[in-house]
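The next block holds one structure in the form of C-alpha cells; read it before the comments.
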Amino acid sequence: MPRGRYSFHDPHDHTPLGDEHFHCATGPSGWRYTARTTATDGSGTGSVDLTTDELGRPIRLELHAGGWQVRGAALDGVTWVRTAPATGTPGADPADDRGEEHNAPVPAFTGTSPAFLVATARLLRLAPAAPATRIRLIALTSPVLAPRTVDQSWSLVARTPHATDNGPLIVDEYQVRALDTGEQYAVHLAGDVVLSAPGVELEDLESPPSEFTM
C-alpha cells in the first residue's frame with residue numbers, strides 16, 4: 001500500500017503551495033486513495049477520499065478544502081453535492097448552502113489532487129502509440145471546489161521499464177492537452193503513483209507503487 005507525500009508548486013514561477021500526504025491501495029473491487037492536504041507552514045487545508053471501481057469509475061468521492069465540501073459518485077454520469085462553509089458565504093450559490101444535488105453527463109471528476117490523474121488514466125486504459133482519446137470531466141479545484149467542465153485529450157506516448165531492487169518498475173508517460181487552451185503537458189505514472197506532473201512532485205514514497213490488474 002503506497003504511502004507518501006506530494007508537493008505542489010506554481011508551474012510557472014515554482015512558488016511552493018503546500019503538500020498532500022497520501023496513501024492508496026488496490027483491491028479486488030477497485031482502488032482507494034485518501035490524503036490530507038497542508039499549507040507550506042504545515043497547517044491543514046483539506047482532505048481527499050476517492051474510491052474507484054475496477055474500471056476507474058468514481059464510486060465515492062469526498063473532498064474538503066477551505067471549509068467547502070463535495071461528495072460525489074458516478075450516477076447518471078456523475079452526481080455531486082457541494083456544501084458551503086457556512087450559510088450566507090459571500091459569493092456562494094444559495095443551492096450550495098442547502099447542499100443541493102447536481103449532475104453532469106461525464107464519466108468522472110478531476111481536480112488538484114494527483115489521485116485524479118491516476119483515476120483518469122485507469123478509466124481510459126490507453127495503449128502505447130494509440131490515437132489520443134478525448135474525455136470530458138467535471139473539475140473540482142481548490143480552494144472553493146467550484147465545479148467546471150473541462151475537455152482534455154490524453155495519449156500514452158511511452159511505457160518504459162526501469163530496473164529497481166524490487167524488480168522492474170513500469171513508467172507510463174502521458175501527454176495531456178487542454179482542449180480549450182491547447183496547453184500540453186506530460187504526466188508520468190508508475191502504477192497508482194504520480195511521479196511527476198505540472199505543479200506536482202513526488203517527494204516521499206514509503207513502499208513501491210501498486211500495479212493494476214487488467
Side-chain angles (χ1 to χ4, degrees), residues 2 4-15 17-20 22 24 26 30-31 33 35 37 48 50 52-53 55-58 61 63 65 70 72 74 77-78 80 104-142 145-162 169-203 205 209-212 214:
R5 176 174 63 90
Y6 295 112
S7 66
F8 298 116
H9 61 268
D10 186 296
H12 303 290
D13 63 14
H14 301 287
T15 300
L17 300 176
D19 297 295
E20 185 163 299
F22 72 95
C24 52
T26 57
W31 178 69
Y33 178 102
T37 56
V48 182
L50 172 65
T52 65
D53 65 12
L55 299 178
R57 297 172 298 194
L61 171 66
L63 299 176
V70 169
V78 293
W80 70 94
V106 305
F109 299 98
T110 190
T112 306
S113 174
F116 293 110
L117 296 173
V118 176
T120 301
R122 180 63 175 164
L123 182 69
L124 294 174
R125 298 186 181 221
L126 300 175
T133 297
R134 176 173 175 164
I135 187 169
R136 176 167 289 178
L137 303 164
I138 292 296
L140 303 162
T141 55
S142 299
L145 305 178
R148 63 187 179 92
T149 303
V150 297
D151 290 294
Q152 298 177 343
S153 171
W154 281 62
S155 57
L156 178 54
V157 297
R159 174 167 287 162
T160 308
H162 295 267
L169 179 69
I170 306 299
V171 176
D172 287 339
E173 179 184 351
Y174 293 89
Q175 184 179 77
V176 182
R177 182 161 64 98
L179 297 182
D180 58 345
T181 64
E183 180 184 11
Q184 298 187 57
Y185 53 90
V187 173
H188 292 84
L189 304 181
D192 59 353
V193 172
V194 177
L195 301 181
S196 66
V200 178
E201 294 293 337
L202 178 64
E203 300 290 352
L205 185 64
S210 300
E211 294 184 8
F212 289 109
M214 299 300 293

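The figures that follow rest on heavy atoms only: side chains count, while hydrogens, waters and symmetry mates do not.
- T133 pairs by the side chain to side chain donor-acceptor pair (under 3.5 Å) definition with nothing, not counting sequence neighbours.
- Between T149 and I138 the shortest side-chain heavy-atom distance falls below 4.5 Å.
- Atoms OG and CD, from S7 and E201 in turn, are 6.0 Å apart once rounded to the nearest 0.5 Å.
- Atom CZ of R5 has more than 12 neighbouring heavy atoms from other residues, nucleotides or ligands inside a 6.0 Å radius.
- Taking F116 as the reference, nothing meets the ring-ring contact (aromatic ring centres under 6.0 Å, His included) condition, with sequence neighbours excluded.
- Partners of D180 by side chain to side chain donor-acceptor pair (under 3.5 Å), not counting sequence neighbours: none found.
- For T26, the side chain to side chain contact (heavy atoms under 4.5 Å, CB included) partners at least two apart in sequence or on another chain are W31, D192, S210, F212.
- Counting only residues at least two apart or on different chains, no salt bridge (charged side-chain N to carboxylate O under 4.0 Å, His left out) pair has a member in residues 108-120.
- Of the possible donor and acceptor atoms, none in the side chain of Y174 sits under 3.5 Å from a partner among the backbone N and O of L117.
- Partners of L55 according to the side chain to side chain contact (heavy atoms under 4.5 Å, CB included) rule, which considers only residues two or more places apart in sequence or in another chain, are D53, R57, R125.
- Residues forming a side chain to side chain contact (heavy atoms under 4.5 Å, CB included) with T120 (at least two apart in sequence, or on another chain): L124, I135, L137, W154.
- Looking at residues two or more places apart in sequence or on another chain, you find a ring-ring contact (aromatic ring centres under 6.0 Å, His included) between H14 and H9.
- R159 meets the salt bridge (charged side-chain N to carboxylate O under 4.0 Å, His left out) test with D172; sequence neighbours excluded.
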Donor-acceptor list for residues 104-113 side chains, cut-off 3.5 Å, not counting sequence neighbours:
from	atom 1	to	atom 2	distance (Å)
T112	OG1	S142	N	3.3
S113	OG	E20	OE2	2.6
S113	OG	A115	N	3.1

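- The distance from the OH atom of Y6 to the CZ atom of F22 is 4.0 Å, given to the nearest 0.5 Å.
- For the atom pair H188 NE2 and L202 CG, the distance stands at 13.0 Å (nearest 0.5 Å).
- In this view, R177 satisfies the salt bridge (charged side-chain N to carboxylate O under 4.0 Å, His left out) rule with no residue, not counting sequence neighbours.
- E173 contributes atom CD, which lies 8.5 Å from atom CG of L156 (distance to the nearest 0.5 angstrom).
- For T15, the side chain to side chain donor-acceptor pair (under 3.5 Å) partners are D13, not counting sequence neighbours.
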